[in-house]
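Let me begin by presenting the structure, written as structure tokens, before commenting on it.
When a ligand or atom number is given, it counts from 1 through the structure's own listing order.
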Amino acid sequence: MRASPLENAFLLEIDRLSVVYELKCVPSRAIENISFALRRGEAVALVGESGSGKTTTAMAITGLLSPNASICAGEIRYRGVRLPVESDAAMRPHRWRETSVVFQGAMNALNPVQRIVKQIAEPCMLRLGLPRKDAISRAKELLELVGIPPNRGAAYPHELSGGMRQRVMIAMALACHPSVIIGDEPTTALDVITQAQILRLLGELRKKLNLALILITHDLSVVAESCDRVMIMYAGRIVEEGNVPEVFAKPKHPYTQLLVESIPNPANGKRMIRPIPGDPPNLLNRPSGCAFHPRCPSAIEICAVEVPELDKCGQGRVACHLHDSSKH
Ligand code: SF4
């Protein structure tokens, strides 16, 4: 692959990306004009409610969009070179070797009738061209790396706990030495203790292997411990981006403020969850102007008319008319 002048700057760049779904023969924009970039070793969280576009973003990056979805604008670059994400076949040499995914619900993602060591060895044979014996050795090393004794490799997925199965998913994602791991709600189906263990494991592996991580979650509380930067998504757009401590301490977008307020904090006596009023928007009937305006407690007249741009604000970016100095 051609070396890029951006090689030392960004590992992965998502540049003005838009994805459209055909739903009941009606085109619906699932993500719109999304841009962000990731450096080696950096951890970025994509946070938002169901339908906000986070998983669509991950699937677009890996070229795994469903057949009724397509990229209608923008591009994705890895080390400065455009990825052929619109073609499943053209993406095969890139997927798992450069960018790989830890899916949620390992029980659905793993083959129930194949021993786990063989499942981990398979991408090593197919993508790295390792002979079977070497691939099995690599699979055992990977099991050890994620904290599973190699002799458990003979187990079938149903013989493992939910946490162990998620560790197997992480081992598979690491099999071909990728530089970017996407965790698509990797801890959603787990109890809180196992969730903390899996997040700790991902953090340790990230440091040890200098991986870049995109963590997709609807839960802001899992972001604080695991990520450097956070992007808040709403109705297919990024509405706020910033460093995790700053966004948690001083959220600027009204939606982020409500998300942060909805985290219970027993340490300061805040035990009650304050729900966000209203429902997420229907993408087939997106509200005019700022898509958050029907639920926003701070909405002003212009909000129902004009879509706010994602502009620089302090150290981060915000898409809200209240932070657009040209409107005041
Ligand atoms: Fe609320 Fe208006 Fe800002 Fe949207 S642009 S978040 S409706 S204040």
Side-chain angles (χ1 to χ4, degrees), residues 14-21 27-36 44-57 73-74 215-224 227 229-265 270 272-328:
I14 289 73
D15 188 2
R16 289 165 289 173
L17 190 72
S18 296
V19 172
V20 69
Y21 280 87
S28 159
R29 288 233 171 176
I31 58 174
E32 199 153 14
N33 203 22
I34 282 190
S35 294
F36 65 92
V44 169
L46 288 183
V47 178
E49 294 167 301
S50 296
S52 59
K54 359 181 250 305
T55 295
T56 300
T57 305
L215 182 66
I216 291 172
T217 178
H218 61 273
D219 184 353
L220 256 191
S221 58
V222 308
V223 172
C227 295
R229 254 185 321 135
V230 59
M231 270 165 291
I232 309 292
M233 294 191 68
Y234 190 82
R237 288 173 173 262
I238 295 172
V239 295
E240 180 160 5
E241 181 199 348
N243 294 326
V244 168
E246 282 166 31
V247 172
F248 274 67
K250 281 191 180 171
K252 295 188 175 70
H253 194 282
Y255 177 58
T256 319
Q257 288 164 359
L258 290 170
L259 279 181
V260 171
E261 280 175 25
S262 72
I263 305 171
N265 185 354
K270 189 181 155 197
M272 297 300 292
I273 295 175
R274 186 180 155 200
I276 299 174
D279 295 315
N282 176 356
L283 294 184
L284 285 172
N285 189 16
R286 189 191 293 267
S288 60
C290 170
F292 189 53
H293 87 260
R295 306 170 73 186
C296 180
S298 314
I300 51 178
E301 209 169 315
I302 191 175
C303 300
V305 182
E306 203 173 297
V307 179
E309 293 294 326
L310 182 65
D311 287 329
K312 200 158 169 35
C313 184
Q315 299 297 309
R317 297 186 295 169
V318 181
C320 175
H321 291 304
L322 298 180
H323 295 276
D324 185 346
S325 53
S326 67
K327 302 261 166 30
H328 301 287

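- Between Ile238 and Leu310, the closest heavy-atom pair is O-CD1, 3.6 Å.
- Of the candidates Thr256, Val318, Leu258, Pro251 forms a side chain to side chain contact (heavy atoms under 4.5 Å, CB included) with just one, namely Thr256.
- Judged purely by atom type and a 3.5 angstrom limit, Asn282 uses its side chain to pair as donor or acceptor with the backbone of Leu284.
- Around atom 1 (Fe) of ligand 1, the protein contributes the following N, O or S atoms at distances under 2.8 Å: Cys296 SG.
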Check the pair Ile276 / Arg295 against side chain to side chain contact (heavy atoms under 4.5 Å, CB included), numbers first and verdict last.
CA-CA 8 Å; Ile276 299 174; Arg295 306 170 73 186; 3.4 Å; yes
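- Residue His321 forms a side chain to side chain contact (heavy atoms under 4.5 Å, CB included) with just one option from Glu306, Glu301, His293, and that option is Glu306.
- Taking the salt bridge (Lys or Arg N to Asp or Glu O under 4.0 Å) definition, one finds that Arg229 meets it with Glu42, Glu241, sequence neighbours left out.
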